Each structure stands twice: as C-alpha cells, then as structure tokens.
Amino acid sequence: MASLSFIVGIVGNIISILVFASPIKTFSRVVKKRSTENYKGVPYVTTLLSTSLWSFYGILKPGGLLVLTVNGAGAVMQSIYVILFLVYAPKGKKIKLMKLVAILDVGFLGLVIAVTLLAIHGDMRLTVVGILCAGLTIGMYASPLAVMRTVIKTESVEYMPFFLSFFLFLNGGIWSAYAVLVKDFYIGVPNGIGFILGSAQLILYSIYKYKSMASKSEESTDETEEDGSAHLVEGDVEMSSYEVEDENRLKNHTIAKGRSLPKPSLNRQYSLQKIVKTLSMSPY
C-alpha cells in the first residue's frame, strides 16, 4: 500500500502543479501590457496562504514529503504571482493588496507557526494545522460556486473555463484517493468536497455547452437575416431611385424632342393664310 500511495501522490503532485501553473498565461499578459487590468489579486494571496500552511503541515506530518513538495512548489509559484501583481497593479489596488499580504501571508501565517511550535505540543499540532488547511482548501474549492450560479442563470459556460474545472476535478479526485490510502482525514475531506464540486462543474458544462453553442448560432443567424433584410431594403430603395431617374429622363427627352421640332417658316404660314382667305371669298 505504501508504494501505491507514493505513486498516487506523485500523480497528485503533477496535477496540482498544473493547476498552480494555470495563471501563467494571465501573468504573461500582465507583464506584456504592464498592467493588471481588471484581474484581482486576492485569489493569489489566499492560495499563497493555503499552500504555505499545507507546506507546514507536510513538515509536521510523518511521511508528509509529497504534501510538502507539491505545496512548497505551489507556494513559490503563488509568491511570484503576488509579486508580479504588486509590481504592475495601480497604486490604490497595490496598497490594498500589500495590506492583505501583510495580514494573511505574513501576520496570520507567522502567528499560526509561532503558536503551533511554542504553545501546542504533540499530536495536537497536526490537528490544529490540519483543520486550518482543510478549511482553506474547502474555501478554495467552493469559490467557483458563484461561477456555477452564473452559468445556470445565463445558460452559458463562457465564464467557466473547461480545463480549470477539469483539473480541479482531477486534483480533488487524486488527493482523495491518496488520503484514503494514507488514512489522512484532513487531506481527504476538503479534496472529497473538491471532487464533488468539480464533478458538478463538469456536469453543468456538459449541459450548457450545447445551449451556448445553439444560442450563438441563433444570434449569428439573426444577424445574417438582418443583414439580408437591410440589403433588400437598400436594393428596393436603389431600384425605386432608378425608376424615378428613368421617368425623369423620359420626360426630359420628350420635352427636348418637342422643342427640337422645326417651326414652320414665315413664308409657308403666309401662303397658307392666303389660300384660306381665297377659299372663304369664293362662292359655292
């Protein structure tokens, strides 16, 4: 069983590091644009606290090497994200985030470590830190609930990335299996909840994905019909203008033709009058 748990733990390390690496694309954009835009730094601060506490838990737990390695790597990556966010965030947002880092990642983390090492002894150390870690992990897995509500309300999966949901599902599942193998309640409970929530996200994605595609196709069809109607109206206007122009041309041509007819000469008019006069004077 020990070898199987080690293999499952290695797989869990790989999947968790992939989850931790998911914001790399976001921060490459931040560095490129030299701005944090509308991104929020709070998730990275709280994840830094969570991975730091889990690293401490891995140090306290006998045989907790795999817990220490994955969360140590995660803490390093989250520290880089937080530093980059502080560098490129606007002044107001930067000050707020620095206060949050000082309270959570320095003050609270330091207080937990100090109290655990100085005031708590024996197995109670592992219990206190384990409860704190489990609570933070449940909060991390529960954070997409707002996104799930948005998906149900809008019937669109636009704001719920598939791969993030998929890797959270895998992460919760693999660490739940690891917890069962090593009989660790504090790892098992939050990751079991994460596995259930990840499954719910994937189910929602499968339900609303095709509805999103159908709504987009309907919108594109409506836009095409509107464009076609606009072209038809434009064509009717052009045809009517052409007809008006043709009528005007015909009238102008008739007037011009009438004006261009030759007028009878004065001599021909005089001789015609003379003939009429002679006929009127002659007896019948």
Side-chain angles (χ1 to χ4, degrees), residues 1-31 43-85 105 109 126 129-130 132-144 147 160-206:
M1 294 294 290
S3 59
L4 180 60
S5 64
F6 184 79
I7 294 170
V8 173
I10 292 293
V11 175
N13 270 249
I14 296 170
I15 294 173
S16 295
I17 289 173
L18 289 175
V19 173
F20 292 141
S22 60
I24 288 178
K25 185 177 180 180
T26 298
F27 279 94
S28 63
R29 178 176 175 175
V30 168
V31 172
Y44 308 107
V45 175
T46 54
T47 307
L48 175 58
L49 175 62
S50 177
T51 51
S52 299
L53 279 175
W54 275 113
S55 299
F56 184 52
Y57 178 85
I59 294 172
L60 295 176
K61 178 181 173 62
L65 176 63
L66 294 176
V67 177
L68 173 61
T69 54
V70 65
N71 287 284
V76 171
M77 296 174 76
Q78 298 302 319
S79 299
I80 295 172
Y81 299 151
V82 171
I83 291 170
L84 288 174
F85 201 95
D105 297 330
L109 179 63
L126 200 64
V129 178
L132 289 173
C133 291
L136 286 172
T137 305
I138 291 172
M140 183 189 73
Y141 280 123
S143 60
V147 179
M160 188 172 71
F162 171 76
F163 286 106
L164 181 58
S165 301
F166 180 68
F167 278 113
L168 286 175
F169 163 78
L170 286 181
N171 190 66
I174 198 69
W175 283 109
S176 297
Y178 176 83
V180 171
L181 293 173
V182 300
K183 299 178 181 179
D184 192 316
F185 177 81
Y186 305 111
I187 296 176
V189 171
N191 284 286
I193 294 173
F195 178 74
I196 294 171
L197 292 176
S199 302
Q201 290 181 50
L202 293 179
I203 291 171
L204 282 179
Y205 195 91
S206 63

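Keep in mind the model is a prediction, meaning the values are calculated, not measured.
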Could you pull out all donor-acceptor pairs under 3.5 Å where a side-chain atom in residues 199-206 meets a protein atom, sequence neighbours excluded?
residue : atom : partner : partner atom : Å
S199    : OG   : F195    : O            : 2.8
Q201    : OE1  : S165    : OG           : 2.8
S206    : OG   : L202    : O            : 3.4
S206    : OG   : I203    : O            : 2.7

Using side chain to side chain donor-acceptor pair (under 3.5 Å) as the criterion, list what pairs up with W54, not counting sequence neighbours.
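With neighbours one apart ignored, the set is T137.
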Which value, rounded to the nearest 0.5 Å, describes the distance between [X] atom [atom1] and [Y] atom [atom2]?
| X | Y | atom1 | atom2 | result |
| --- | --- | --- | --- | --- |
| S5 | K183 | OG | NZ | 11.5 Å |
| I138 | C133 | CD1 | SG | 11.5 Å |
| L109 | F56 | CG | CZ | 8.5 Å |
| M140 | L197 | CE | CG | 10.5 Å |
| L84 | F27 | CG | CZ | 6.5 Å |
| L136 | L49 | CG | CG | 5.0 Å |

Suppose the criterion is side-chain hydrogen bond (donor to acceptor under 3.5 Å, both in side chains): which pairs have a residue in residues 64-79, not counting sequence neighbours?
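Every pair satisfying side-chain hydrogen bond (donor to acceptor under 3.5 Å, both in side chains) with a residue in residues 64-79: N13-T69.
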If you apply the rule side chain to side chain donor-acceptor pair (under 3.5 Å), what do you find for S176 with N191, and how did you get there?
CA-CA 5 Å; S176 297; N191 284 286; 5.6 Å; no
Residues two or more places apart in sequence or in another chain: which of them pass side chain to side chain contact (heavy atoms under 4.5 Å, CB included) with [X]?
| X | answer |
| --- | --- |
| V11 | I15, I174 |
| I83 | V87 |
| A75 | L48, T51, S52 |
| I10 | F6, I14, L66 |

Over all heavy atoms of both residues, which pair between L53 and V129 is shortest? Give the atoms and the distance, please.
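In this case the closest contact between L53 and V129 is O-CG1, 3.9 Å.
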Of the non-hydrogen atoms in S55 and G72, which two are nearest, and what is the gap between them?
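S55 and G72 have their closest heavy atoms at OG-N, 3.2 Å.
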Pairs in or reaching into [range]: which pass salt bridge (charged side-chain N to carboxylate O under 4.0 Å, His left out), with residues at least two apart or in two chains?
| range | result |
| --- | --- |
| residues 51-67 | K61-D184 |
| residues 166-180 | none |
| residues 5-14 | none |

Within the side chain of T47, is there an N or O that forms a donor-acceptor pair under 3.5 Å with the backbone of Y44?
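Looks like no, no N/O pair under 3.5 Å.
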Are the side chain of Y81 and the backbone of F20 linked by a donor-acceptor contact shorter than 3.5 Å?
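Indeed, once roles are kept as given, a pair shorter than 3.5 Å links the two residues.
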Do other residues, nucleotides or ligands put more than 12 heavy atoms under 6.0 Å from F185 CZ?
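Counting neighbours around CZ of F185, 12 or fewer heavy atoms of other residues, nucleotides or ligands fall under 6.0 Å, so no.
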Apply the test side-chain contact (heavy atoms from CB on, under 4.5 Å) to residues V30 and F85: give CA-CA distance (whole Å), side-chain angles for both, the deciding distance (0.1 Å), then the verdict.
CA-CA 8 Å; V30 168; F85 201 95; 5.9 Å; no
Which residues pass the ring pair (Phe, Tyr, Trp, His ring centres under 6.0 Å) test with Y178, not counting sequence neighbours?
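Testing Y178 for ring pair (Phe, Tyr, Trp, His ring centres under 6.0 Å), a comparison that skips the adjacent residues, returns W175.
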